[in-house]
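Data first, discussion second: the structure below is written as C-alpha cells.
Only heavy atoms go into these numbers, but all of them, side chains included; no hydrogens, no water, no symmetry mates. Please read these numbers as outputs of a predicted model, since none were measured by experiment.
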Amino acid sequence: MEQKLKQRICIDFCVKLQISATETFEMLNKAFPNDTPKRTTQDTGIFKTTIGRIVTEDLRLKKTPAKFIPRFLTNEQKLCRLATCEDMLEMTRTDPEWKDKIITGDETWVYGYDPETKRQSAEWRGQGEPRPKKSRILKSRNKVLLVAFSDNKGIVHHEYLPAGQTVIKEMYLGILRRLREAIRKKRPEKWTNGDWILHHDNARPHTAHLVTSILAKNGTEILPQPPYSSDIAPNDFFLFPKLKAVLKGRHFDTREDIIEKSLLALKSIPKEAYKNCFDNWEKRWRCTDFFNGDLHGISYQVSLCHIDATVTSDSRDGITEEGRQCALKDLKDGNDWILHVGNARPHTAHVVLQFLANHLTIQIPHPPYSPDLAPNDFFLYLKLKMNLKGRKFDNVDMIQAESKATLRNLSKSDFISCFDNWEKRWNGCIEAGGAYFEKY
C-alpha cells in the first residue's frame with residue numbers, strides 16, 4: 001500500500017510540474033545517477049527502482065533510437081515536396097495510365113564487399129548463450145558505378161561506367177542517347193508515339209544546360225524530383241536496395257565479378273516487383289511525412305493573377321502554374337530561343353515543364369538564391385522601380401500605366417548592356433568559387 005502511494009505521489013509531482021513524460025524521465029534520471037541506485041529525492045523519497053517501474057509501467061515510456069534522415073528539410077523544401085506530389089497525383093487522376101509512361105533512372109556504386117546489415121548477420125542462439133560478435137568492416141574500395149533506367153515493366157537500359165570514370169554532363173548525355181536507343185528497341189510503343197516521360201534526380205549532370213537543352217530539342221518531357229527526397233525516388237527506395245541486399249556480405253575480387261553478380265541480381269527481380277514499386281510510388285506521393293517532410297499545419301494559398309508576359313519576364317509570388325502556362329502560350333513556338341526563369345514552384349511545376357517540353361523549349365537552369373545572376377533582379381525590376389519610387393498612385397490602373405511607360409522607355413542598348421553584364425557576373429561567380437560577389 002505504501003509503495004502504491006509513493007508511485008501516486010511521484011506521478012502527481014510530475015503532473016504539478018506540467019512537464020512532458022520525456023522531460024519527466026530526463027529529470028528523474030538526473031536526480032538518480034547510475035552510481036547511486038538507492039538515492040532518493042528530497043521531494044518524493046522514492047527509490048530509483050520504483051521510478052523505473054513508474055516510467056515504464058505507469059508512464060509507458062521507452063527509449064527510442066533516433067532515425068537517420070537525409071536532411072532536416074526547411075519549410076520551403078517541404079512545400080516543394082508537397083507541390084510535386086500533388087502535381088503527380090493530379091496527373092494520375094486525370095490520366096490513370098500516366099504512370100505507364102514514366103522511365104526513371106539513377107546511378108549507384110556497387111561494391112566488391114558491402115557489409116551485412118545487423119538483421120542479415122543474426123544467428124540462432126540458445127537461451128543464456130552470448131550474442132554473436134562481429135567486427136566493424138568498411139565497404140571495399142573496389143567498386144563499379146551502375147546506371148539503370150526502368151519503368152513499371154522492368155529494366156529498360158543499364159550500363160556500367162568504365163573504371164575511373166564518374167557521371168559528368170558529357171557522359172550523361174551519351175547515356176541518354178543510349179537510353180533512347182534502348183527505348184526504341186525494348187519499348188517500341190513508347191518510341192513510336194514519343195509518349196514517355198523521363199524521371200531523374202537533381203544531380204548536376206542531370207540538370208546541366210547541355211543536357212536540358214538536348215532533352216528540350218528532342219521533346220523529352222521531364223518529371224521533376226524535389227531535392228533530398230530519396231523516399232519518393234523508385235531507384236532509391238526499391239531498385240538499388242533490392243539489388244544490394246543480395247550482394248551484401250559477399251566478396252568479389254575483380255571488377256568483372258562485381259558486374260557479373262550484380263547483373264544476375266538485377267535480372268532476377270521479377271516484373272511484378274516493378275509494377276508493385278510504381279504502385280508504392282503513388283502511395284508515397286500521398287504521404288507527406290517521409291524523412292521529416294511533414295507538412296501538417298502548414299498551409300499556403302496562391303491566387304491567379306493576370307500578367308503581361310515577355311521572354312525575359314519573371315513571376316510574382318501570386319502566379320499559379322496555370323497562370324504561368326497561359327502566359328507562356330503567348331510566346332512563339334520552336335527552338336530558336338531559350339527561356340530563363342527562376343526556381344519558383346510555378347516555374348518548375350510538372351504541368352509547366354510538360355508544356356515546355358511539348359513545345360521544344362530549351363530552358364537555362366538557374367541556381368537557387370541567386371538574384372545576382374538573374375537579369376530581372378539586378379537590372380529590369382530595379383530600373384522599373386527606380387522611376388516609381390517616391391510617387392503615389394491612387395489605383396491599380398495608374399500603377400500599370402506608369403510601369404508600362406517606364407518599361408517602354410528602356411532602350412535596346414539598355415538590354416544589350418544588361419546581357420553583357422550578365423556574362424561578366426557568370427565570371428564573377430566562378431572567380432568567387434560560387435559565393436556571392438561584388439556587383440559589377
- Query: Under 6.0 Å between ring centres, would you say that holds for Phe415 and Phe379?
  - Reply: yes

- Query: Looking at NZ of Lys143 and CZ of Arg255, how far apart are the two atoms once the value is rounded to the nearest 0.5 Å?
  - Reply: 12.0 Å

- Okay, side chain of Trp422, backbone of Leu373: is any donor-acceptor separation there less than 3.5 Å? yes

- Message: With a 3.5 Å distance limit and no angle check, can you tell me whether Asp201 reaches the backbone of Ala203 through a side-chain donor-acceptor pair?
- Response: yes

- Message: To the nearest 0.5 Å, what is the distance between NZ on Lys217 and CD1 on Ile362?
- Response: 4.5 Å

- Message: Between Ser370 (side chain only) and Pro368 (backbone N and O only), is there a donor and an acceptor less than 3.5 Å apart?
- Response: yes

- Task: Drop me the distance from Leu146's CG to Glu107's CD, to the nearest 0.5 angstrom.
- Result: 9.0 Å

- Run the salt bridge (Lys or Arg N to Asp or Glu O under 4.0 Å) check on Glu181 and Arg184 step by step: do they pass? CA-CA 5 Å; Glu181 182 63 20; Arg184 186 181 68 83; 2.3 Å; yes

- Query: Within the side chain of Asp231, is there an N or O that forms a donor-acceptor pair under 3.5 Å with the backbone of Arg284?
  - Reply: no

- Message: For a salt bridge (Lys or Arg N to Asp or Glu O under 4.0 Å) check, start with the C-alpha distance between Lys99 and Asp279, then their side-chain angles and the critical distance, and finish with the verdict.
- Response: CA-CA 9 Å; Lys99 286 189 301 181; Asp279 292 339; 3.4 Å; yes

- Would you kindly check if the NZ (Lys) or CZ (Arg) of Arg425 is within the cone defined by 45 degrees around the ring axis of Phe378 and under 6.0 Å from the six-membered ring centre? yes

- Item | Backbone N/O of Asp257 and side chain of Thr254: donor-acceptor pair under 3.5 Å | yes

- Distance under 6.0 Å and angle within 45° of the ring axis: does Arg250 meet both against Tyr113? no

- Item | Test applied, salt bridge (Lys or Arg N to Asp or Glu O under 4.0 Å); reference residue, Asp151; option that passes from Lys186, Lys101, Arg187 | Arg187

- Task: Working to the nearest 0.5 Å, report the span between NZ of Lys185 and CH2 of Trp191.
- Result: 11.5 Å

- For Asn276 and Glu272, indicate whether the former's side chain and the latter's backbone hold a donor-acceptor pair under 3.5 Å. yes

- Message: Within a 6.0 Å radius of atom CZ on Arg93, are there more than 12 heavy atoms belonging to other residues, nucleotides or ligands?
- Response: yes

- Message: Is it true that, when you exclude Glu97 itself, more than 12 heavy atoms of the residues, nucleotides or ligands shown sit nearer than 6.0 Å to its CD?
- Response: no

- Query: So, Thr84 and Asp87: side-chain donor and acceptor under 3.5 Å apart, yes or no?
  - Reply: no

- Item | Residues, nucleotides or ligands: over 12 heavy atoms within 6.0 Å of Arg204 CZ | no

- Task: Please work out whether the ring planes of His200 and His206 are parallel, tilted or perpendicular, with thresholds of 30° and 60°.
- Result: parallel

- Query: Can a salt bridge be assigned to the pair Arg286 and Glu282 using a cut-off of 4.0 Å between side-chain N and carboxylate O?
  - Reply: yes

- Just how far is it from atom OH of Tyr228 to atom OG1 of Thr74, taken to the nearest 0.5 Å? 9.0 Å

- Task: Determine yes or no for a side-chain-to-main-chain donor-acceptor pair under 3.5 angstrom, with Asn218 supplying the side chain and Ile214 the backbone.
- Result: yes

- Query: Are Thr108 and Lys244 linked by a side-chain donor-acceptor pair shorter than 3.5 Å?
  - Reply: yes

- Message: Before you tell me yes or no, could you show the steps for Ile155 and Ile269 under side chain to side chain contact (heavy atoms under 4.5 Å, CB included), namely the whole-Å CA-CA distance, both residues' side-chain angles and the distance that decides it to 0.1 Å?
- Response: CA-CA 9 Å; Ile155 294 293; Ile269 300 174; over 6 Å; no

- d(Leu380 CG, Leu407 CG) to nearest 0.5 Å is 6.0 Å

- Determine, stepwise, if the pair Asp100 / Lys190 fulfils salt bridge (Lys or Arg N to Asp or Glu O under 4.0 Å). CA-CA 10 Å; Asp100 301 342; Lys190 286 185 172 69; over 6 Å; no

- Query: Is there a donor-acceptor pair closer than 3.5 Å between any side-chain N or O of Asn193 and the backbone N or O of Glu189?
  - Reply: yes

- Query: Side chains of Tyr160 and Ser262: donor-acceptor distance under 3.5 Å anywhere?
  - Reply: yes

- Query: Do the two ring centres, one from Tyr274 and one from Phe238, sit under 6.0 Å apart?
  - Reply: yes

- Gln363 and side chain to side chain contact (heavy atoms under 4.5 Å, CB included): which partner among Leu353, Ile338, Thr212, Val352? Leu353

- Query: So, the side chain of Ser229 versus the backbone of Pro227: is there a donor-acceptor pair under 3.5 Å, distance only?
  - Reply: yes

